[in-house]
Amino acid sequence: MTVSERGEPWPAASVASDVVKTTDETPTDDDVRERYRLPGNVQPIRYDLELSPDLEAATFEGRVTIEAEVLESTDALTLHALDLEIDAAWVTTGGRNLDATVEFDPPTEQVTLTLPQPAEAGTAEITITFRGVLNDLLLGFYRSTFTQDGESRTIAVTQFESTHARRAFPCFDEPEYKAVYGITLVVRDDLFAVSNAAEVHRTPTDDGRVSIAFADTMKMSTYLVAWVIGPLEATEPRLIEGRNGPIPLRIVAPPGNLHLTEFALDAADHCVRYFEDYYDIAYPGDKIDLVAVPDFAFGAMENLGCITFREILLLIDPEQATKSELQRAVEVIDHELAHMWFGDLVTMKWWNGIWLNEAFATFMEVMAADAFRPDWDVWTTFGLERSVAFDTDALHATRPIEFEVVTAADSEGMFDVLTYEKGASVLRMLEQFLGAEVFRDGIRTYLARHAYANTETTDLWDALEEVSGQPVRRIMDAWILRGGHPMVTVTSTESGIALAQSRFSYDPAEAGDGWPVPIVLRAAHGDVVDEHRLLLESPTNVDLSGPATWVQPNLGGNGFYRSDLSRDLRTALATAPSATALERFVLVDDTWASFLGSQVERDDVVAVVRTMATTESDPSVWRRLSGVTTSLHALVPEADRASVAELACEIGVAPLARIDADIASGPTERSLDLRGVLFSLLGVVGDQAEVRARGRGVFDGAPADAALQAAALATVAAWADAEDHAEIERRWRAAPTPQEEMRYLYALASTPDEAMFRHTLELTRDDIRTQNAPYVIRLALGHLDLGAVAWEFVADRWDELVARFPSNSHVRMLEGIRSVTDRARATRIEAFLGDHPLEHGTKQITQHLERMWVSVRAAERLAQGPNVSPKV
Ligand code: BES
Ligand code: ZN
């Protein structure tokens, strides 16, 4: 494969593709594994790396000297390099310089240096001078641009995880090869430059530039190395009170944004102190820069001390942002900071362990955000994220959380809801089962034991077993090495309840092994209420000394399992006293899952929604109630939509009036948040005349808080004509904050006006940044009436879109197909994707397709059934 065939728009470097040996024999897994992994006979100790980028020409030159340990004498040293041109390479060993010949192997992204004589065992120095191109693909060493005073400005920035450091400098690019990095950047002296460690000195060069040297990093993996260079500004350092003294914290951003940094600084400041305390280990770096990058493939990246983010997560006007936007920013900041210890200080040996890295950071982000703002009740909002993981894990095409990873492409496919959200959920379930302090002590033991080193997942289980005395490894093996999750069935008996488990699936499930399910439940017989804690492995009776009056089979709502209750137990639970918000959330979520799995009927769903809506006041539970109503609206035949709109009005009008009155007598963040949810439900699904008129008023400038503004925008956008659409587009282009910019941008995908909708799709080809365009298309694909137009657009422009968008976003763009309900379209989509395989994320495409068929079948089932039943 040549470079251009991969769709990369920059010229091929001197990649010697003729050295690739092709063979007709199918390699075995072991062959593949061996071929893709470095041989291990040479291990890096430290890198001295100097880079000189030319931002205008979009090129860079570099020189790296790697001090390495040669384990046994060899004349061949293999490391990684991709799309680099190597000018010279030599190895200093035993006091001699040996010039190397250089051979690239593009399929494995490796380069082998062959010496005229063997290097002896012991320390050697490998020096390589090289050149490369700053690419546009948001990975490796790449270019990001922004406009200032009408002029385009360029930033050069890195994104190395999982395996892209090799695009910036030749290196041993596997997480196990930890080393120290001494980085020097040679740049124009009007540019700002940051890297992992603090700047130690700057020296002018002969050609009028400046050479900036950074302190040595700690011993760490290549994927965490980073630098950013450009016309940027930084806040004055804020000194965090760290255990080993003050830690300078800054935000680095394109000019003109520093007035938007206070909120993120506060969050980061709190978070670092929280983690030093939780982990009982000082922050492992010498400073923290949070860098806002205009073009960024992911949300954020945990480079030690030089954490990169999308602008929307750091540049915030708290007065103009919704609670969800604020919370998201805090969670992502906390997530990346959690990695400074869990990931950066202690790192997985190989990419199959990435789940633990990401799952744990996702779990910790919620812990830290909860400590930062207890009033946000983030463990309840986490229910919404867990629900997304359940949704994929209920498919046959799910996968175990921990999964074998051989090639670079495999590792990129691992960053999905199963790694993040299911992973974090099972950790939360474990933490709640073991007890929060015991769990924390296990984490402390694990981190202290493996600092500056690499681990396997089982190392964590060992530490947790030691401190808890529980069979952690056995429990967790089942949860992480087996895909899917159980449904716990609860039935009444004469003496109490009987519990059993089976695999939950939207389709009839295959039988298989069960899970050791850590269950915490509460059950009542008459007035006697008791809590029970058990590891459910085979059918079990719980004695209540009489039949159950009600049962909460997932107390606290932290278990990663579905519950199946008989109809009367479900009704009893919907009105049970003192259920927590998360427990109520779980009830709605489980009911909807059972509907998709054909275990309950639409009427059962509607009954739960109606009952709960009358008393519910939690914003997250309302989000799920609203989500279920919105899904129902999308699945019913067009002729039935009015009846679901009526349902939306029936459940939403009175609560909206109540919350309006509350807000009039003193708004809280929570009440404003809830009003936003109710308002959108009524304005978009309910098509409610008063709400639509009020939304119009706010859109036209009536004063409103951020949540109401966002809900009003959603309402106007859902019914936008050409004129509204043009206005939304104008506001998108002129938005004063990143949050508003994204709200307007995404609103462009919901107009019912076909010409305008097509116009939005056209914008994704050029005007919309490649970091955002795939997500606009994702929304467009799920458009209730115009999804087919979006699909045609994607199919017609497939090659162009795949080449333009960052590779990690292709599968995310296609997520929009999951809500397709039309059988003929679904058939076309499936055939098309079969003919157009993607390089990354094959598994996720299979999941999207299976989930799409769940939607098709649910819609067909609803088309046969009665309308939403009249109110009882
Ligand atoms: N390490 C990841 C970023 C990443 C993901 C790099 C996949 C390479 C491949 C980072 O810690 C992360 O998880 N970022 C998330 C945000 C997070 C809060 C969910 C992201 O980018 O989506
Ligand atoms: Zn992460």
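Ligands are counted one by one from 1 in listed order, and the atoms in each one are counted from 1 as well.
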**Q** Do you know which N/O/S atom name in H335 is closest to the Zn ion (ligand 2)?
**A**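 Relative to the Zn ion (ligand 2), the closest nitrogen, oxygen or sulfur of H335 carries the name NE2.
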**Q** Under 4.0 Å from a heavy atom of E302: which atoms of ligand 1 are those, numbered in the order shown and with their elements?
**A**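 Near E302, the atoms of ligand 1 are 1 (N), 2 (C), 10 (C), 11 (O).
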**Q** State which residues pass salt bridge (Lys or Arg N to Asp or Glu O under 4.0 Å) with R238; sequence neighbours excluded, sorted by chain then number.
**A**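 In terms of salt bridge (Lys or Arg N to Asp or Glu O under 4.0 Å), with neighbours along the sequence ignored, R238 is linked to E262, D266, D269.
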**Q** Under 6.0 Å between the ring centres of F342 and Y446?
**A**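 Here the rings of Y446 and F342 have centres that are less than 6.0 Å from each other.
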**Q** Hey, would you say the Y283 and F275 ring centroids sit under 6.0 Å apart?
**A**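 For Y283 and F275, the ring centres are not under 6.0 Å apart.
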**Q** Looking only at protein heavy atoms, which one is nearest to atom 11 (O) of ligand 1, and what is the separation?
**A**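 Protein heavy atom at minimum distance: E336 OE1, 2.7 Å.
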**Q** Is the Zn ion (ligand 2) less than 2.8 Å from at least one N/O/S atom of E302?
**A**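 No, outside the cut-off.
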**Q** Nearest protein heavy-atom contact for atom 3 (C) of ligand 1: which residue, which atom, what distance?
**A**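 Checked against all protein heavy atoms, atom 3 (C) of ligand 1 sits closest to A300 O, 3.3 Å.
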**Q** Could you point out which residue of N196, T217, T308 forms a side-chain hydrogen bond (donor to acceptor under 3.5 Å, both in side chains) with N303?
**A**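 With N303 as partner, side-chain hydrogen bond (donor to acceptor under 3.5 Å, both in side chains) holds for just one option, T308.
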**Q** Measure centre to centre between the rings of F439 and F363, then say whether the value is under 6.0 Å.
**A**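 F439 vs F363: aromatic centres under 6.0 Å.
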**Q** Give the atoms of ligand 1, by number and element, whose distance to some non-hydrogen atom of G299 is under 4.0 Å.
**A**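 Answer, ordered by atom number: 20 (C), 21 (O), 22 (O).
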**Q** Pull out every atom of ligand 1 sitting under 4.0 Å from any heavy atom of H339, numbered as shown with elements.
**A**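 With H339 as reference, the close atoms of ligand 1 come out as 11 (O).
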**Q** Centre-to-centre under 6.0 Å for W351 and Y223, is that the case here?
**A**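 Between Y223 and W351, which both carry aromatic rings, the centre distance is below 6.0 Å.
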**Q** For atom NZ of K219, decide whether the heavy atoms of other residues, nucleotides or ligands shown that lie under 6.0 angstrom number more than 12.
**A**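 Atom NZ in K219 is not crowded, with 12 or fewer foreign heavy atoms closer than 6.0 Å.
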**Q** How close does the nearest protein non-hydrogen atom get to atom 6 (C) of ligand 1, and which residue and atom is it?
**A**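 Going atom by atom, the protein heavy atom closest to atom 6 (C) of ligand 1 ends up being E161 OE1, 3.2 Å.
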**Q** With a heavy-atom distance limit of 4.0 Å, tell me whether H335 approaches ligand 1 through its side chain, its backbone, both, or neither.
**A**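 H335 to ligand 1: side-chain contact only, backbone stays beyond 4.0 Å.
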**Q** Taking the ring of W227 and the ring of F141, is the distance between their centroids below 6.0 Å?
**A**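 For F141 and W227, the ring centres are under 6.0 Å apart.
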**Q** Under a 4.0 angstrom heavy-atom cut-off, which atoms of ligand 1 come close to Q159?
**A**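 So the answer, numbered in order with elements, is 6 (C), 8 (C).
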**Q** Does Y420 reach ligand 1 with a nitrogen or oxygen that is under 3.5 Å from one of the ligand's nitrogen or oxygen atoms?
**A**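 The answer is yes, given that Y420 and ligand 1 share an N or O pair closer than 3.5 Å.
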**Q** Just to verify, what does D393 make a salt bridge (Lys or Arg N to Asp or Glu O under 4.0 Å) with, not counting sequence neighbours?
**A**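 Testing D393 for salt bridge (Lys or Arg N to Asp or Glu O under 4.0 Å), a comparison that skips the adjacent residues, returns K422.
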**Q** Take every heavy atom of E331, measure it against each atom of ligand 1, and state whether any distance is under 4.0 Å.
**A**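 It does not; every heavy atom stays at 4.0 Å or beyond.
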**Q** Could you tell me whether R743 sits above the aromatic face of W732, with NZ or CZ closer than 6.0 angstrom to the six-membered ring centre and within 45 degrees of the axis?
**A**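 Negative - R743 is either too far from the ring of W732 or too far off its axis.
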**Q** Is ligand 1 under 4.0 Å from a heavy atom in the side chain of R328, in the backbone, in both, or in neither?
**A**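 The part of R328 near ligand 1 is the side chain, not the backbone.
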**Q** Ring centres under 6.0 Å, that's the criterion: do F560 and F390 meet it?
**A**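 Yes; F390 has its ring centre under 6.0 Å from that of F560.
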**Q** Once rounded to 10 degrees, what value does the angle at the Zn ion (ligand 2) take between NE2 (H339) and OE1 (E358)?
**A**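 Angle NE2(H339)-the Zn ion (ligand 2)-OE1(E358): 100°, rounded to 10°.
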**Q** Which of the atoms in ligand 1, numbered in the order shown and given with their element, are less than 4.0 Å from a heavy-atom of M301?
**A**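 Counting atoms of ligand 1 from 1, those under 4.0 Å from M301 are 1 (N), 3 (C), 6 (C).
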**Q** Counting non-hydrogen protein atoms only, what is the nearest one to atom 2 (C) of ligand 1? Give residue, atom name and distance.
**A**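 Scanning the protein heavy atoms, the shortest distance from atom 2 (C) of ligand 1 goes to E358 OE2, 3.3 Å.
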**Q** Checking a contact table here: which protein heavy atom is nearest atom 5 (C) of ligand 1, and how many Å away?
**A**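 Here the nearest protein heavy atom works out to F415 CD2, 3.3 Å.
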**Q** If you measure from each non-hydrogen atom of E412 to ligand 1, which part falls under 4.0 Å: side chain, backbone, both or neither?
**A**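 It is neither; nothing of E412 touches ligand 1.
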